[in-house]
Every structure is written in structure tokens, then in C-alpha cells.
Amino acid sequence: MGTVVVVGVQWGDEGKGKIVDILARDADVVVRFQGGNNAGHTLVVGSERTVLHLIPSGVLNEGRICVIANGVVIDPGVLIEELNALQGRGYLTDEAHLKISDEAHLIMPYHCAIDIARERRRGEGKVGTTGRGIGPTYEDKVARTGIRVVDLLDEEVFREKLTQTLEEKNRYLRAVLGEDELDFATMYDNYRGYADRLRPYVTDTALYLYDAIAAGRSILFEGAQGTMLDVDHGTYPFVTSSNTVAGGVCAGAGVGPGSLESVIGICKAYTTRVGNGPFPTELHDALGERLRESGDEFGATTGRPRRCGWFDAVVVRQASRVNGLTGIALTKLDVLTGLDPIRVCTSYRVDGVSYDCVPPSARLLERAVPVYEELPGWTEPLSAARKLTDLPANALRYVERLRELTGTPFPMISVGAARDETIILD
């Protein structure tokens with residue numbers, strides 16, 4: 001397997017959890033390299049449904065080493081709750097199977113308070129944040145005022161940093177946002193308890209990964225969210241606060257670019273997004289509602305209903321270019337069963353101008369009119385398909401057309417939520 005990066009190529013929620021779970025069968029190490037618990041990866045194995053927020057999706061494969069790298073922002077309370085739940089089911093009982101970067105930044109209660117208060121004050125201009133404190137944590141990281149895991153483990157350093165930072169945050173909460181101040185003692189005591197629970201797992205993960213790559217171990221790098229939510233390459237400002245693209249692996253996990261061998265993009269057979277922001281192919285009618293219900297399109301983290309629309313080849317082509325994709329895993333093809341015709345966006349028109357790529361301005365994208373191509377649908381169920389020839393002719397034609405429009409091969413096609421409901425070509 002070598003070293004493989006898995007990224008979302010739309011606005012997140014593409015089904016990365018299931019694909020990582022499958023690919024992890026051939027991996028020794030699975031690494032989460034960015035984001036925080038604003039991401040939710042859903043895995044279905046047999047009759048058991050698991051939702052993960054911080055721990056890599058390969059955890060359900062026995063013996064895999066799970067790494068939470070330095071680019072991730074960690075809410076220790078959420079992480080411990082997730083860890084306890086998994087250990088209660090028999091996973092990660094060996095401490096050596098989970099490694100947490102000592103350089104990862106911590107989400108603190110004031111980050112969440114600021115996140116929620118700011119969003120409330122934006123009114124109709126809301127970004128659509130989950131309120132988990134992700135953005136404010138990355139702000140402190142860039143401002144060099146963040147608190148890292150290594151600081152948490154040193155009682156004196158943690159007390160000093162928390163004292164200084166909380167004083168400033170409380171002034172901001174009170175004077176600017178009109179919110180109540182937060183209590184130092186409660187926060188300090190809670191986080192010192194977190195330190196004791198997490199200490200056995202904390203290590204220099206960048207060094208660990210360097211040694212693992214040098215030893216020829218197979219490593220799977222797992223991203224959160226999607227390319228169109230990347231802070232640099234997404235639909236800014238309606239984006240997340242980290243680099244979700246494949247290039248983010250190098251900084252977010254501390255590995256050199258020459259170490260990465262392939263990049264797999266995860267892509268739905270249609271398009272969804274959560275939160276606000278432009279979405280050219282969004283359906284505001286019964287078809288959109290049907291996709292939402294058939295695809296169970298509700299956020300794994302927040303439960304929010306996802307906005308649904310037709311496949312947008314403009315978005316996926318751009319994601320393929322930015323990430324350097326070597327292949328795309330197509331998910332939720334089965335959700336389109338019964339729809340006829342099926343539409344695919346091939347380009348945009350904005351104020352009379354044709355666009356084959358995503359405009360950099362959110363205002364331009366809001367005015368984008370999708371140019372559609374129609375393909376015939378199918379009525380046959382797909383969940384039993386295990387090879388391409390098992391697909392109905394029109395479903396196969398649809399997959400082939402998406403491959404042509406995106407210019408990227410499809411080594412994997414998901415035809416259901418369960419682990420085994422997958423066509424694996426490569």
C-alpha cells in the first residue's frame with residue numbers, strides 16, 4: 001500500500017469514514033492530520049454503526065496504529081469520551097495503538113464560547129460553524145498564544161499559560177461579545193484530569209511517522225471536511241479553519257512531500273454541503289428532499305440537515321487538480337436509484353461568462369448558473385453489486401461519464417453504507 005492520502009473533494013461528508021475503514025485493512029498506521037471534532041466519520045460494520053470525531057477511522061481494524069497528528073486541534077474531553085467508548089467495545093485496549101502528537105493544539109472552553117458568540121452576532125451572515133471552537137483554536141495557534149498537548153502535561157507551564165490566556169479571553173468575552181467570564185479553577189482542574197488520562201498516548205508523532213516510513217510500513221493519512229472547505233482553496237469565507245487538501249499532510253503530520261505516493265479523493269455521486277455558502281447545484285425542491293432522506297444526509301456531528309444537489313463536475317475537477325488525485329472513490333451511487341433523468345453540472349455561467357473552474361469570489365459563485373447535462377437513470381437496486389458488470393447499464397454509463405468529466409479514474413465505488421457494499425477495482 002505504501003503511503004496513501006485520503007481527502008474529501010466536495011464540501012465534506014463524502015463518506016471518507018467508510019473508505020478509510022476499507023483501506024485500513026491494508027495499512028499498518030492510520031493518521032488524522034487536520035481539523036477537530038467538527039468532523040464526524042460514520043462507519044457501518046455489520047449491524048454496528050460507529051461515529052468518530054477525532055480518532056482515525058481505521059480504528060475498527062484490529063491491530064492498526066491510530067495517530068492524531070500535530071495539525072489536529074483536540075478537545076480533550078471529547079477525545080477521552082470517544083476513547084472510553086471505543087475501549088468499552090474492545091478497541092484500543094493496547095496503549096501502543098493510539099498516539100497523540102505532543103505538538104497538537106488544545107481546544108479550550110473559551111474557544112467554544114467565542115465561536116458560539118461570534119456566530120450568534122453575525123445574524124444572517126453566519127458562516128455555519130459547528131460551535132466546537134475549531135476556528136478560535138487555530139487563530140490562537142497562528143497568533144502563537146495557543147496551548148499545546150505538551151503544555152498540558154507540564155503542570156507549571158499549563159497553569160502559567162492558562163492564567164495569562166484566560167485573563168485576555170475573559171476581557172474579550174465580556175467587553176466585546178457581551179458574554180459571561182469563565183472560571184479558572186474549574187477549567188484548570190478539568191484539564192489537569194485530562195492530562196492524567198491522555199499522558200500514556202502522547203509522543204512525537206512526526207518522528208514516529210518518519211521511522212515508520214523508513215521501515216517501509218503502510219500508512220494511510222485521513223483528512224476531515226472537504227477540498228471546498230479548505231481555508232485557502234475553498235469557498236472562502238464559508239470554509240473551515242485548516243488546510244483540508246492533500247498538501248496539508250506535510251505540515252499537519254510532519255512528513256516530507258516525497259514520502260507521499262498516492263492521493264485518493266472521496267466523492268459522492270451527487271453533492272451536499274452543511275452550513276452557509278454558495279452551492280450552485282443545490283436543489284430546493286422535492287428532489288433535494290428525496291436525496292436528503294434516501295442518503296440519510298444529516299450531519300454526523302451536529303445532526304443538521306445537509307443541503308443536497310446534483311453532481312458538480314466543476315468542483316470535483318478543481319479538487320482533482322489541487323490535490324493531485326491519483327483516483328476517486330465514488331460513494332452513495334445507490335442513492336440515485338429511481339431518479340430519471342439524472343443531471344450533472346459540467347460548467348457554470350456567471351453574468352454571461354462561462355466558467356470551467358470555480359470562481360475565487362463567493363459572490364460570483366452565488367450567481368453561478370449551472371450548465372447541466374442529462375443522463376438516463378436506473379431503477380434496479382445496487383447494494384448487491386460487487387463488480388462493475390453487476391451495475392445496470394445506465395448506472396455504469398453514469399459512472400463512466402463522471403470519470404470522463406473529472407479526468408480521474410475511479411478505483412472504488414460504494415453502493416451502500418455497509419463495509420462490504422463496495423465495488424473495489426484497484
Side-chain angles (χ1 to χ4, degrees), residues 12 32-40 53-54 68-81 100-101 103-123 125-152 157-184 186-188 190-191 194 223-225 229-232 234-244 248 251-252 274-277 299 301-302 304:
R32 172 77 179 276
F33 66 88
Q34 51 77 220
N37 58 297
N38 54 338
H53 300 282
L54 286 166
I68 300 175
N70 59 277
V72 180
V73 289
I74 298 173
D75 184 323
V78 172
L79 175 56
I80 290 168
E81 182 179 350
I100 302 169
S101 173
E103 295 181 321
H105 281 248
L106 295 175
I107 298 173
M108 306 296 293
Y110 48 77
H111 292 133
C112 299
I114 291 170
D115 204 5
I116 294 168
R118 283 177 177 170
E119 187 77 340
R120 184 167 55 244
R121 290 166 64 90
R122 288 188 181 107
K126 290 180 179 178
V127 173
T129 175
T130 60
R132 301 300 196 270
I134 309 301
T137 306
Y138 278 115
E139 285 179 36
D140 281 2
K141 176 178 180 177
V142 174
R144 295 165 292 183
T145 59
I147 299 176
R148 302 191 298 174
V149 172
V150 67
D151 303 321
L152 178 65
V157 170
F158 180 67
R159 177 183 287 277
E160 180 183 332
K161 287 200 168 188
L162 182 59
T163 300
Q164 180 178 347
T165 304
L166 185 58
E167 181 182 353
E168 178 184 321
K169 300 300 182 184
N170 273 337
R171 285 200 303 269
Y172 179 68
L173 282 165
R174 181 182 64 254
V176 178
L177 299 178
E179 300 291 323
D180 294 334
E181 295 187 359
L182 301 177
D183 179 64
F184 174 89
T186 301
M187 195 181 306
Y188 178 82
N190 286 341
Y191 274 70
Y194 298 153
Q225 290 90 36
L229 292 177
D230 183 276
V231 69
D232 287 302
T235 50
Y236 191 90
F238 302 97
V239 293
T240 192
S241 302
S242 60
N243 287 115
T244 63
V274 173
N276 297 335
T301 298
T302 63
R304 290 183 295 181

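Rounded to the nearest 0.5 angstrom, Arg32 CZ and Ser101 OG are separated by 13.5 Å. Remark: Met108 CE to Lys169 NZ distance equals 11.0 Å, nearest 0.5 Å. Annotation: the span from Thr240 atom OG1 to Gln225 atom CD amounts to 4.0 Å, rounded to 0.5 Å. Note that the OH atom of Tyr138 and the CD atom of Gln34 stand 6.0 Å from one another [nearest 0.5 Å]. Interatomic distance, Asp75 CG to Leu106 CG, rounded to the nearest 0.5 Å: 9.0 Å. For the atom pair NZ (Lys141) and OG (Ser242), the distance works out to 8.5 Å, reported to the nearest 0.5 Å.
The two residues Phe33 and Ala69 come nearest to each other via the heavy atoms CA-CB, 4.3 Å. Taking every heavy atom of both residues into account, Pro76 and Tyr191 meet most closely at CG-CE2, 3.4 Å. Taking each heavy atom of Leu54 and Val72 in turn, the nearest pair found is CD2-CG1, 3.9 Å.
Other residues, nucleotides and ligands contribute only 12 or fewer heavy atoms inside 6.0 Å of the OH atom of Tyr236.
Applying side chain to side chain contact (heavy atoms under 4.5 Å, CB included) to Ile74 and the options Ile100, Asn37, Ile107 leaves one that passes, Ile100.
Looking at Val231 and Asn243, their side chains come closer than 4.5 Å, going by heavy atoms from C-beta outward. Side-chain contact between Asp140 and His105 is absent, with no heavy atoms from C-beta onward closer than 4.5 Å. In this structure, Leu173 and Ile114 have side chains that are in contact, with non-hydrogen atoms separated by less than 4.5 Å.
With hydrogens and angles left out, the side-chain atoms of Thr137 and His111 include a donor and acceptor closer than 3.5 Å.
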Please tabulate, for side-chain N and O atoms in residues 144-151, each donor-acceptor pair with protein atoms closer than 3.5 Å (sequence neighbours left out).
{"unit_1": "Asp151", "atom_1": "OD2", "unit_2": "Arg148", "atom_2": "N", "d": "2.8"}
{"unit_1": "Asp151", "atom_1": "OD2", "unit_2": "Lys161", "atom_2": "NZ", "d": "3.2"}

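Contacts of Arg171 classified as side chain to side chain contact (heavy atoms under 4.5 Å, CB included), with partners at least two apart in sequence or in another chain: Glu167, Glu168, Arg174.
Proximity of a side-chain donor or acceptor of Asn70 to a complementary backbone N or O of Ala251 within less than 3.5 Å is detected.
Ring geometry for Tyr188 against Phe184 counts as parallel: the plane angle stays under 30°, on a 0 to 90° scale with 60° as the upper cut.
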